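Presented below is the structure to which this report refers.
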Protein chains: 2
Amino acid sequence: MTIGDVARAAGVSRSTVSYALSGKRSISDETRQRIQEAITRLGFTPHAGAQALATAQTKVIGLMLRFHDDEFAPAMLQYVLPLSDTAREMGYDVLMVTDADGAEALRRITKSGKVDGLILLDVAHNDPRLEPLRAAGKPGVLVGLPQDTDGLDILDLDFAAAARMLVDHLQGLGHREIILVTPPLEVFKRGISYSWRFRDAAIERARELGLVLHAHYGESRQPAVGETLNAVLDEHTSATAMIVHNDGSVAALPMVLHERGVRVPEDLSVTSLYSQEFGRTFSLPYTAVETSPRELGRLAVRQLVDRIRDGDGPGPHRVRFLPPTLTDRGSTT
Amino acid sequence: MTIGDVARAAGVSRSTVSYALSGKRSISDETRQRIQEAITRLGFTPHAGAQALATAQTKVIGLMLRFHDDEFAPAMLQYVLPLSDTAREMGYDVLMVTDADGAEALRRITKSGKVDGLILLDVAHNDPRLEPLRAAGKPGVLVGLPQDTDGLDILDLDFAAAARMLVDHLQGLGHREIILVTPPLEVFKRGISYSWRFRDAAIERARELGLVLHAHYGESRQPAVGETLNAVLDEHTSATAMIVHNDGSVAALPMVLHERGVRVPEDLSVTSLYSQEFGRTFSLPYTAVETSPRELGRLAVRQLVDRIRDGDGPGPHRVRFLPPTLTDRGSTT
DNA sequence: CTGAAAGCGCTTACAG
DNA sequence: CTGAAAGCGCTTACAG
């Protein structure tokens, strides 16, 4: 079933069928009818490989992600689904790449022309995928902030603003001593910059406001998560508020507080940073900055598709930080 | 950068380069050396579209999945990652398809020749994707059991055996009255057969053994999950054991039991069905049948790749149930 | 408004 | 052991 079969059935040339399909030149109504009829009758679909060869476009975007032991897996899915759905809306399929060697995988799918562009998730400070991405000559959008942003489109939550927002919120309620649970040390070491962007901004803001802030590394896997939370709570009994910037820790927190007999917000005000969906999945009742994974995913795909369509035209590359918004769930007082 | 450039650089014909790449005919050592050297020096990678056109093979498999509101999203990821990793090991990339209209999406990627084969996740009793799959003439492996298994390769956990195993386990410990929390009603309605395969086998076994078994639908989203669990526990105060066959419910259970002051296993023996990884993510301490998502994913990809390679040759299609195994975490007595 | 033909970059019989 | 050439199924200047 090729375009030639359709052409024969409709009594036209193959080029006419092709143009009817693409709309790139005008076709008489009658011819278009005959072609359309033949296409539906024969159930014709163009061969993707042939199209890719002829046009140098695949209509596929690559989605590069990794799962690390120091990450809390369920959080990743929140980004993947909106990305996939948005891509489809815009006429693109998604090639999901989870290779351990991301740089090599990027080279592979890019040089073989398997994708028109790439979305990199969980980008690190010195991400090894950036060199091959720059060399690839294909557009890429990053979620996560690297050190060198030159020539790249980047999208991320404004974690510094989020941290300040939470500190301000607690300060406004009269809290003077706050516990901050950060991502695990390994996440810092891997160079995931949101970990220190959030922490450093929180520390800075607390200092400005004259607050005491105790920063501690969280953990991502049980039983270390619970043990660490308990140890931190034991150490700072005079703290009246908590900011949890770590998926694994916040998911485990309700149980830990329950076991300690700590009531929220009567005994402790708790704030965090997670999406509405994440909160619902884990039954989290905390006032938190919304991470908007759905919006981030949509924006990333839109940006990428714009780049793909416009060649290198749609203006300068840019780093874009989504402004945080606070969802008050009544866990602070 | 095409195969012609390599050929010129190595002083051979394009066909010789092609054969050197594929190994489909013998090449003199010296020629092979020169070609290899040229390939690495020029950084050549064959164009995937051209290969697909010439060979009618894409080296891509389609992964078809959906996320339903009545499902607990984190569970899905456990299958996706092993599938992706295994595919890569076997030389395949993964096109992830999450379209709402799975049947249409299957037709699209299959007719356009974007994939060599398909893996269908979360297959329903009368799954609309099966008709286009059968018509596609491409191999497909299903995870989940449909009504009509004719001509299909199917892989699933043996949920009936799992249910019997748990009932037997509890009966062996002397329990006479058991609560069963099943998947939500909507999952039954959607035709996801594991829901009734497990429930019916549990009921049947309980009857055989003369046990009382109360089956109730679980929920997947808060706050309904907790409310339902509490209602069920309120209703059957004399029950001494529980079987939870529902991700959302079991994830919420520790908190619910904690709030009720129910100790496990002293006051209540609890069993469930989940993977080790899922249990670790949600800090679940229950004796459970292991769902082996990693193994299932690996087997599915292996089976699919075998089919792709052997055309229609590798023997009859088959339904394969993985035997359940019990992981005792000490939550029963 | 439409067609004939070249070209995209591979693979693989066919010949030697 | 190697090469010249046809063919995979499209798209798109070029011509009319």
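Residue numbering restarts at 1 for every chain, and letters A, B, ... go by the order of the sequence lines. Predicted model, so just to flag it, every value in this text is computed and none were measured.
Contact of the B:I154 side chain with the B:R318 side chain is not registered, since no non-hydrogen atoms from C-beta on lie closer than 4.5 Å.
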Residue pair B:R309, B:M90: steps toward the side chain to side chain contact (heavy atoms under 4.5 Å, CB included) verdict: CA-CA 11 Å; B:R309 286 189 181 148; B:M90 307 195 74; 4.3 Å; yes

A:L118 vs A:L106, test: side chain to side chain contact (heavy atoms under 4.5 Å, CB included). Steps then yes/no. CA-CA 8 Å; A:L118 294 154; A:L106 196 151; 3.7 Å; yes

Stepwise, does the side chain to side chain contact (heavy atoms under 4.5 Å, CB included) test hold for A:Y194 with A:L157? CA-CA 9 Å; A:Y194 68 67; A:L157 190 69; over 6 Å; no

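No side-chain donor-acceptor contact under 3.5 Å links A:S15 and A:S18.
Within 6.0 Å of atom CZ in A:R320, 12 or fewer heavy atoms from other residues, nucleotides or ligands are found, so the atom counts as exposed in its surroundings.
A salt bridge is absent between A:D85 and A:R88; no separation between the charged side-chain nitrogens and carboxylate oxygens falls under 4.0 Å.
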How would nucleotides 9-16 of chain D be written as a contact map, 5' to 3', with B for base contact, S for sugar-phosphate-only contact and - for no contact, using protein heavy atoms under 4.0 Å? BBBBBB--

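Shown here, C:dA13 forms no base pair; nothing in the strands shown gives a Watson-Crick or G-U wobble contact with both key distances under 3.5 Å.
Each of B:R66, B:R108, B:R129 was evaluated against B:D99; a single residue qualifies, B:R108, per the salt bridge (charged side-chain N to carboxylate O under 4.0 Å, His left out) test.
Considering only side-chain N and O atoms, A:S26 lies under 4.0 angstrom from the phosphate OP1 or OP2 of C:dC1.
Taking every heavy atom of residues 31-41 of chain A and every atom of DNA chain D, no pair lies under 4.0 Å.
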